[in-house]
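Read the structure below first, then the notes.
Ligands are counted one by one from 1 in listed order, and the atoms in each one are counted from 1 as well. The figures that follow rest on heavy atoms only: side chains count, while hydrogens, waters and symmetry mates do not.
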Amino acid sequence: MRRFVSMKQFEETLHEGFRIVLSVSSILYHEKTSHQELIIFDNPIMGRVLALDHVIQTTSRDEYIYHEMLVHPALVSCHCWRHHVGDSSPIDVLVIGGGDGGTVRELLRYPSTHVVMVEIDRSVIDLCRRYLPDHSLGAFENERLHVDIADGASYVKECGKTFDVIIVDSTDPIGPGEALFGEEFFTHSKHLLKEGGIFVNQNGVSFLQGDSIKRTHHVLKRLYRAHRFYQACVPSYVGGVMMFAWGSDMALHGRWTRAQRKAAQERSAVGPMRHYTPDVHQASFVLPMDCPI
Ligand code: AG3
């Protein structure tokens with residue numbers, strides 16, 4: 001078997017014929033868990049890096065861009081909708097994947113969120129708490145978070161609960177992540193959404209993973225009245241901008257007042273946001289002509 005990580009360098013194998021290589025200053029952890037091969041190493045530019053099955057998942061340097069953009073467009077829109085219909089009950093969020101804790105950290109900024117996180121691989125949670133503690137920043141100790149170690153695809157079929165927002169923070173559509181891009185998963189997820197609910201997932205990079213983006217779009221079009229994509233540039237995910245899919249039966253919202261945003265940041269124990277702003281939110285839904293969808 002070819003080794004993709006040595007004491008000197010890590011080579012990502014996601015795209016055939018297009019490789020990113022990162023130098024390795026030290027390997028902190030390397031094992032085959034019961035689900036995937038997990039590597040945590042340090043790189044002089046990106047900081048601490050987590051790779052699963054030889055694909056970079058997150059780095060301490062740029063994780064905030066991905067996690068803020070995965071979470072806040074949906075949460076802000078959900079708040080706008082709740083405000084509109086006069087509903088101030090807790091916001092129930094389902095996270096599929098997200099074992100490093102970055103997504104739940106961002107979700108728990110909002111005092112009214114209650115989160116169920118379904119992660120297939122317990123080792124990801126345990127090792128990220130140890131080696132990437134700033135991702136979760138104490139989120140795993142928060143009583144508003146409930147963690148289930150389970151397969152997300154089966155969970156959405158069987159759980160019987162409903163949610164205001166579903167966020168899929170998965171790997172790419174290969175290996176354990178594949179089922180999370182299938183029509184069946186998207187359909188079951190839709191059935192778990194409350195009225196006005198929002199579904200968001202990561203869909204890879206536009207330039208190199210256009211086929212998967214088109215497939216997702218095809219299914220979301222059938223399921224949701226508002227089916228959109230939005231984008232963010234996350235340097236660790238090379239080959240175009242990162243695309244996030246959006247499905248909802250509610251019209252696209254997102255104009256949060258400055259006061260609301262300030263309040264959410266001030267109440268947060270995790271420090272201010274660094275990437276997301278209401279203008280970035282609006283702009284991220286503007287797609288160029290050569291976008292795959
Ligand atoms: N999961 C998304 C990784 C995407 C990698 N794909 C790529 N480079 N095209 C990130 C998990 C962070 N919580």
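When the heavy atoms of Gln209, Met243, Met242 are ranked by distance to atom 9 (N) of ligand 1, first place goes to Gln209.
The proximity of Ser170 to ligand 1, defined as any non-hydrogen pair under 4.0 Å, is limited to the backbone. With a 4.0 Å heavy-atom cut-off, ligand 1 is reached by no atom of Glu63.
At under 3.5 Å, a nitrogen or oxygen of Asp169, whether backbone or side chain, sits near a nitrogen or oxygen of ligand 1. The shortest N or O to N or O distance between Asp172 and ligand 1 is under 3.5 Å. For ligand 1, none of its N or O atoms has an N or O atom of Gln202 under 3.5 Å away. At a 3.5 angstrom cut-off on N or O pairs, His67 counts as close to ligand 1.
The closest approach between Ile56 and ligand 1 falls below 4.0 Å for a heavy atom of the residue.
In this structure, a donor-acceptor pair under 3.5 Å is present between the side chains of Thr33 and Asp121.
Contact annotation: the side chain of Thr58 never approaches that of Tyr66 to less than 4.5 Å [non-hydrogen atoms, C-beta and beyond].
Ion pair Lys194/Asp92 flagged as a salt bridge, since at least one NZ, NE, NH1 or NH2 atom sits closer than 4.0 Å to an Asp/Glu carboxylate oxygen.
Checked against a 6.0 Å centroid threshold, the rings of Phe10 and Phe41 count as neighbours.
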